[in-house]
Amino acid sequence: MKPKLPIGKILIKKNRISSKQLDDALQRQQKHGGKIASNLMDMGLAGEEDLLMALGEQMGVPAIDLSRSIIPLEALDLVPAQVAEESVVLPVKVEANRVVLAMGNPDDQQTIDEIKFITGKKVDPYVTLEAKLKNVLREAYALRDRDRSVGFYRGERSAGTDMEKHPNGYLAILSEHLPEVEVVPDEEGINLEIVPEEQEYLELEIIPDDSPTDLRIKSHTVLVVDDEPNIVSLLEKALTTENFKVLKAYRGLEALQVVKVDQPNLVILDAMLPEIHGFEICRKIKSSKRFGHIPVIMISAIYRGWRFAEDVKKLYGADDYFEKPFRIVPLMRRVQELLDIGPLKVENEINPQAAQISYNKGVSLYKAKNYLDAEIALKEACEHDPFNPNIHFALANAMLANNKIFDAIREYEQTIELKPDLFLPLKSLAILYQKKGFKNKAIEMWERALRCSPQESARQEVRKYLLQLL
């Protein structure tokens with residue numbers, strides 16, 4: 001990764017400050033601390049807008065001027081006030097599939113991952129001045145708690161903004177850098193009261209593999225996954241014209257099942273889907289030994305730019321990426337190219353019983369309290385069968401025992417993505433969310449756990465926790 005240019009040098013390069021002014025600010029920073037941007041503003045050497053533009057260029061993400069923004073108070077409900085103050089972040093806009101997060105340090109991947117897990121949404125980090133952000137988040141949360149009926153927090157310079165044109169709030173964005181794609185979260189060691197030894201295990205179900213040993217003997221089959229029926233119909237018509245067999249799916253779980261059972265030769269996959277994001281589906285497919293050979297073309301109307309396309313290929317393993325609205329001829333040409341170079345190789349065939357063997361080994365190691373080796377064995381089982389909820393659940397338990405909290409949450413989430421009515425992973429998620437202070441998310445998980453509690457004693461326990469929260 002190219003090193004970031006210091007903000008002072010960016011301002012000098014743009015003729016916003018002189019070298020002498022930067023030296024004065026650095027001397028003040030040495031005496032009084034704080035960030036160089038705040039010192040430049042406090043000394044009157046640089047304006048807020050110039051500093052924000054430089055921050056956006058330095059960090060490679062959009063910069064937001066909070067003093068000119070109008071933020072809906074309901075957006076604050078997504079992140080508890082305590083978490084917002086500790087992490088110095090502020091949710092400024094919430095959409096169906098994403099949340100815009102104002103941050104003093106958009107490189108704080110741990111906080112981004114936590115908000116992503118809690119909300120189930122893609123997190124777009126926007127940079128702003130940290131000192132300003134601390135003041136605004138305190139004022140905004142206080143306003144929400146004092147008088148929610150006002151609806152919005154208004155920055156001090158937003159008075160002239162026409163709310164009729166912006167009924168859902170207004171964000172003063174000063175740069176248009178594309179936020180980077182989220183990455184796998186880091187570990188964090190937290191002492192939790194979930195006792196791994198008390199976790200039960202589910203019986204592992206292995207679906208017999210009756211597929212041909214070489215997919216090249218079959219006619220080419222393409223799976224089209226999109227929640228927009230018109231897009232599916234368009235692609236189906238184009239593909240059938242070229243003599244491809246077409247399978248269709250409109251939701252994330254449905255797509256995973258089709259991949260597992262029908263093993264298509266290629267997948268055209270929308271990025272934004274109900275239940276499971278297309279990015280996660282792509283990652284599951286491409287990281288699997290059984291299905292990793294299947295080419296995946298991702299499509300999206302939201303994420304744009306060739307840099308983003310390259311990130312999708314690198315981080316999730318996608319073979320190509322097309323922006324909507326796409327041209328059908330280049331897309332069909334790419335399908336043909338990928339099918340010509342991507343037939344299944346016999347050496348990639350995996351005996352499905354290998355998942356059972358690795359799973360049994362992992363569970364035995366776990367019961368022997370050898371959690372590190374248990375995690376390794378269960379990860380191997382996931383490679384053999386990435387769509388089995390029982391394996392993900394066992395892996396989550398091992399990760400939790402190893403204090404890999406974020407990884408454990410991810411695996412518990414994947415468990416209930418694949419099988420939404422499993423009590424034990426829902427209970428574990430509820431406890432983790434509750435301990436992290438995310439009350440609403442904990443309530444959601446306890447309510448789901450209550451609906452699928454296996455016996456009356458479990459239901460009573462869940463009701464007790466719900467009453468405490470409510």
Side-chain angles (χ1 to χ4, degrees), residues 7 10-11 16 35 37-38 40-42 46-108 111-112 115-116 118-119 121-180 302:
I7 188 170
I10 294 175
L11 290 166
R16 296 297 193 269
K35 293 192 173 183
S38 298
L40 284 166
M41 187 166 67
D42 292 343
E48 184 173 355
E49 187 166 312
D50 287 340
L51 289 167
L52 287 168
M53 290 288 287
L55 277 174
E57 181 173 331
Q58 180 194 44
M59 305 304 294
V61 299
I64 179 171
D65 185 351
L66 294 176
S67 65
R68 294 195 293 117
S69 296
I70 301 175
I71 303 166
L73 294 179
E74 62 181 15
L76 277 55
D77 295 339
L78 208 64
V79 179
Q82 180 181 353
V83 175
E85 290 185 7
E86 290 176 354
S87 303
V88 195
V89 298
L90 182 67
V92 293
K93 185 177 183 180
V94 179
E95 299 176 350
N97 295 308
R98 74 161 186 153
V99 54
V100 174
L101 199 65
M103 307 180 69
N105 177 20
D107 282 343
D108 183 1
T111 295
I112 293 173
I115 302 301
K116 174 177 175 288
I118 296 309
T119 63
K121 300 176 184 291
K122 179 182 182 292
V123 176
D124 283 348
Y126 283 27
V127 70
T128 192
L129 295 169
E130 187 170 288
K132 179 73 174 183
L133 176 57
K134 289 179 178 179
N135 291 332
V136 170
L137 73 87
R138 282 194 293 267
E139 293 173 0
Y141 277 98
L143 177 62
R144 182 201 64 173
D145 296 339
R146 183 174 64 250
D147 186 7
R148 182 181 288 267
S149 64
V150 299
F152 298 90
Y153 169 85
R154 288 176 170 267
E156 65 269 22
R157 293 194 292 150
S158 67
T161 303
D162 186 357
M163 280 301 293
E164 291 186 3
K165 296 181 179 179
H166 309 281
N168 298 316
Y170 170 74
L171 300 183
I173 309 300
L174 300 181
S175 61
E176 295 299 330
H177 295 281
L178 185 70
E180 294 184 4
I302 299 177

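Counting begins at 1 with the first residue of the sequence. Values reported hereafter were calculated over all heavy atoms of this structure, with side chains retained and with hydrogens, waters and symmetry mates removed. Small disclaimer: the values here were computed from a predicted structure and weren't measured.
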Problem - Full working for side chain to side chain contact (heavy atoms under 4.5 Å, CB included) between Leu51 and Leu11 - result: CA-CA 8 Å; Leu51 289 167; Leu11 290 166; 3.7 Å; yes
Output for pair (Leu101 CG, Lys122 NZ), nearest 0.5 Å, gives 11.5 Å
Closest non-hydrogen atoms of Ala75 and Lys93, given as atom of the first, atom of the second and distance, are CB-N, 4.4 Å
In terms of heavy-atom contacts, Leu76 and Pro72 come closest through CD1-O, 3.9 Å
CG (Leu171) and CZ (Arg68) are apart, to the nearest 0.5 Å, by 11.0 Å
Closest non-hydrogen contact found for Pro91 with Tyr141 is CD-OH, 3.8 Å
Output for pair (Glu130 CD, Asn135 CG), nearest 0.5 Å, gives 11.0 Å
Got Leu55 and Ile10 here, is their nearest side-chain heavy-atom distance under 4.5 Å? no
Rounded to the nearest 0.5 angstrom, the CG-CG distance for Leu66 and Leu90 is 6.5 Å
Closest non-hydrogen atoms of Met103 and Pro106, given as atom of the first, atom of the second and distance, are SD-CA, 3.9 Å
Interatomic distance, CG@Leu52 vs CG@Asp65, rounded to 0.5 Å, equals 5.5 Å
One should read off an interatomic distance between Tyr153 OH and Arg144 CZ, to the nearest 0.5 angstrom, of 14.5 Å
*Considering residues, nucleotides and ligands other than Gln82, do more than 12 of their heavy atoms fall under 6.0 Å from its CD?*
no
Heavy atoms of Ile70 and Phe152 approach each other most closely as CG2-CB, 3.7 Å
Heavy-atom closest pair (Asp147 atom, Leu73 atom, distance to 0.1 Å) is O-CD1, 4.1 Å
Which of Leu137, Ile71, Val99 passes side-chain contact (heavy atoms from CB on, under 4.5 Å) with Val92? It is Ile71
The residue among Ile64, Thr128, Val136 that forms side-chain contact (heavy atoms from CB on, under 4.5 Å) with Ser69 is Ile64
